[in-house]
Amino acid sequence: MHPVFSWCGRPWLRGLALLCLLGGPALGQTPRQVRGTVADNVTGEKLLGATVRLAGQPTSATATDLDGAFALACPPGSLPDTLVVSYVGYRPWRLPLTAPPAGPLLVRLAAANVQTLAQVEVTAKRPIAEDFIVRELNFLHIVTNPSAAADPLLAVRTLPAATNTDESASISLRGSDPAQTGIYLNNVPVYDAVKFAQLSGLGTFGIFSVELVKSVLVFPSNPPLEFGNAGAGLISLTTDEQPRPRFVQVSAGLANSGLLGGVPLGRRGMVKGYANGQNGQLLRAVNPASFRQLPRLGSVDGGLHLATKVGQYGTVKAFAYGIAERYAYHLRDASLDDLYRYRNRRGFYTLSYEQAWPRADLSLAHGLSLRRTHDAVGSYRTARRGHDAYAALHYRRYWTDAFSTRLGLSYDKRRQRVAGQFPVVPNVLDPELPTYAATFGRGRTLWEAYQYTKLRRGPWTSGLGLRLNARPRPAQPGYLSAQLNLRRDLSAHQFLNLSGGQYTATTAPEAPQFPFRHTRTRQLALDYSHTHPALVVAAAVYTKHERALVSGRVVGMEAYVERTFSPHVRADFSAASVWASRPRFRAADAAARELARMQRRYHLPFIFKSNLRLAGKWGELGAAAQYRAGAPFTPVLGATPDLATGRLMPRYDSEPNSATLPHYFRADLSASKYMRRLNGNTLVLYAVLSNVLNTRNVSRYTYSPDYTQATPVYFQRRLLYFGLVKTWQ
């Protein structure tokens, strides 16, 4: 998608709106109310989204805001009652009330022991490998990150472990291709998790709505085998199941309009639904220079999320999503000057059930996805069909408080069919040259079984995972993946984590004529983490060897510092370096050579990222910047006559990805103002100015017909966007 939507798309609008939703009930003023602040009893960190309610009136609950504050109305006749404050991972806090307290309460929540019966419902919602998570992002991390645009995937992209060479939400983790990154929603894999995925990696953003997400777990190395063979790293998103008061929200901006609503489902559940439409006409009018190559752009999408408790310790979650998107992109190349036209319709749903007992838990997950895509330019045009189906069963047993095992079986089926018209000469799209019609059918079916065992002993925690192909076939030979994790807690706030393993991943084709690609990855990583309410420090060194049709090695290191100077000022800075070997392949294999030229090489000697957030009664300001080495690419050295067609053909360097683009730099600014009324209704005004310095960051080069002149194609130029969000509740 065009870079503008990295900042101005639906996730930014909805993220700011949910901020209003969470803050509104806590700030409403009524004659009889209970006011206070909720924080961690050890660190003092303010807890966002903690549920506050009266035991006798659970549907009148409210939630804490960004500062951990709440204000709960007490209707006439509601007291005496018991005030209950709860938060996932903490023990509930209770206070009998006969009248509203005279002053604000200071509620300190204690972390729960997940082995106790009172908190057994937490165990089924966390991976058994949670001790080896390098980073967890919650709602607060996402919506207050200036670079995230309230998008969960873009928030991951701001981490030092993200090594993207474009401006999209397709996440590269520690020097691996985004196709090797596993993305899971409620334990179900989601493929093609970005919008406008075919738009040359420009500005695509995730399909996940931030107001539905409770947490994002990031494993940048050695992803847990309980999820699957992700290969490089893994991003696991969990949706929120907390009941909220009824609300309606309307958003409007230069290119986006949306409607979001939610209603309680009984006393223990919630249903949320949203619909959005995007059109680039007004946005192009305000920013004509940024849309010269994108004359048409639009999409309509919507989702429905249901979550409810079942019994005492069970949870059911269902999520359905659909989108229709289309655009036209002006493509200039040596053999063509034409519009690339793209249309895509897709839908998917996920369904999960989790049940916990004092010493065990059970999880069932199911997902189904359908998509239909058409694209055309010059002599090339295709119609694509896709179908994904997934089902999994997980069972975990706690043998002791320190020793547990999780077992599982999964079924993962992917089918793709591509029919169309293709140029006889590869990559030459001139409509005057001959073409051929072809149909390609690709697919794979995996039955995989796994076990993961974890043991705690003093400050040490170790984990061992095994995953194998349960039904080997000639098209999918048998394999065994294994991983070992070892963690040493240095104190209550810091740890070292050593992890290593071998993984076998199967990814979709890079082009219609390629089959599904099997990649074996061997990894070793050492991570350090220090977490404190006012200071976060992290560092890592890692190495990996990826072996497939095209193979390579990666070595990298990274460091991260986040400092909270006050509740209103926060800043972070990260530095990383990734060294990737030149791709290796059989010289006689034409398909391998073409794949090596198409694939990105994540050789980035330096990457610097920084974010700054300022907040006050006047509103909120955010600033973000990134400076990194230019990405490798394969240059065109000249032209060679083609005897069959009489046309000039590009002559590439014999070494793919042997040259580098100019260094990349981008700075962004954002501003917002949050206003509330006494009845709890809210209004948010916001503006975003991306690429403030109008830097000409080169994404690739196009060439003249004789391949003697190269013209750079740039990433997003300076762009202004603004809008508002109105919420009633």
Side-chain angles (χ1 to χ4, degrees), residues 2-3 165-168 198-203 289-295 327-342 375-382 421-435 510-514 550 582-583 585 590-603 629-664 695-717:
H2 193 273
T165 58
D166 57 24
E167 296 182 340
S168 80
Q198 302 299 319
L199 192 52
S200 304
L202 299 177
S290 297
F291 286 89
R292 290 172 180 169
Q293 292 183 270
L294 197 64
Y327 68 86
Y329 181 80
H330 199 174
L331 180 65
R332 292 184 178 92
D333 210 339
S335 63
L336 189 70
D337 187 347
D338 194 9
L339 284 178
Y340 175 77
R341 298 169 297 280
Y342 174 87
D375 63 341
V377 60
S379 60
Y380 167 90
R381 53 184 45 83
T382 66
Q421 178 178 301
F422 304 89
V424 171
V425 182
N427 302 316
V428 179
L429 305 176
D430 190 335
E432 297 181 359
L433 294 181
T435 61
E510 296 281 343
Q513 65 270 27
F514 292 158
V550 176
R582 296 188 183 277
F585 53 91
R593 178 176 294 277
E594 178 67 12
L595 183 60
R597 189 182 68 82
M598 294 174 58
Q599 280 186 336
R600 292 186 178 96
R601 178 182 171 218
Y602 294 86
H603 179 78
F633 77 105
T634 305
V636 175
L637 302 181
T640 302
D642 182 71
L643 299 179
T645 63
R647 300 293 300 270
L648 293 176
M649 299 296 295
R651 186 178 74 254
Y652 297 101
D653 193 325
S654 59
E655 289 287 343
N657 291 294
S658 59
T660 58
L661 298 172
H663 294 338
Y664 176 98
T695 310
R696 294 175 178 266
N697 293 309
V698 179
S699 66
R700 61 185 179 90
Y701 291 100
T702 61
Y703 296 88
S704 60
D706 60 358
Y707 296 97
T708 59
Q709 295 182 349
T711 302
V713 177
Y714 299 110
F715 284 114
Q716 175 187 296
R717 303 300 301 279

Is the shortest side-chain heavy-atom distance between Tyr342 and Tyr329 below 4.5 Å? no

Would you say the side-chain atoms of Thr708 and Asp706 include a donor-acceptor pair closer than 3.5 Å? yes

With side-chain contact (heavy atoms from CB on, under 4.5 Å) as the test, would you mind laying out the steps for Tyr602 and Thr165 before giving the verdict? CA-CA 7 Å; Tyr602 294 86; Thr165 58; 3.7 Å; yes

Compare all side-chain heavy atoms of Leu661 with those of Tyr701 and state whether any distance is below 4.5 angstrom. yes

With sequence neighbours left out, write down each residue that passes side-chain contact (heavy atoms from CB on, under 4.5 Å) with Pro295, or none if nothing qualifies. Ala328, Leu339

Give a yes or no answer on whether the side chain of His663 reaches the backbone of Ala629 with a donor-acceptor pair at less than 3.5 Å. no

Quick one, Phe422 and Thr382 - any side-chain contact, counting heavy atoms below 4.5 Å? yes

When you measure from the side chain of Thr634 to the backbone of Asn657, do you find a donor-acceptor pair of N or O atoms at a distance under 3.5 Å? yes

Please report the C-alpha distance between Tyr714 and Val698 in whole Å, then the side-chain angles of each, then the deciding distance to 0.1 Å, and finally whether the side-chain contact (heavy atoms from CB on, under 4.5 Å) criterion is met. CA-CA 4 Å; Tyr714 299 110; Val698 179; 3.8 Å; yes

Tyr652 vs Val636 side-chain heavy atoms within contact, under 4.5 Å: yes

How about Arg700 and Thr702: do any of their side-chain heavy atoms sit closer than 4.5 Å? yes

For Ser699 and Val713, indicate whether the former's side chain and the latter's backbone hold a donor-acceptor pair under 3.5 Å. yes

One pair to check against side-chain contact (heavy atoms from CB on, under 4.5 Å): Asp375 and Arg341. What are the steps and the verdict? CA-CA 5 Å; Asp375 63 341; Arg341 298 169 297 280; over 6 Å; no

Separation between CZ of Arg696 and CZ of Phe715, rounded to the nearest 0.5 Å: 15.0 Å

Separation between CG (Leu648) and OH (Tyr707), nearest 0.5 Å, reads 7.5 Å

Nearest 0.5 Å, please: how far is OH in Tyr380 from CG in Leu331? 12.0 Å

Take atom CD in Gln709; do more than 12 heavy atoms of anything else shown fall under 6.0 Å from it? no

Measuring only between side-chain heavy atoms, which start at C-beta, is Pro635 closer than 4.5 Å to Ser658? yes

Looking at side-chain heavy atoms only, is the closest gap between Pro583 and Arg601 below 4.5 Å? yes

Step by step, would you call Glu167 with Tyr664 a side-chain hydrogen bond (donor to acceptor under 3.5 Å, both in side chains)? CA-CA 11 Å; Glu167 296 182 340; Tyr664 176 98; 2.6 Å; yes

Is Arg582 close to His603 at the side-chain level, that is, under 4.5 Å between some pair of heavy atoms? no

Do His330 and Asp337 have side-chain atoms, one donor and one acceptor, less than 3.5 Å apart? yes

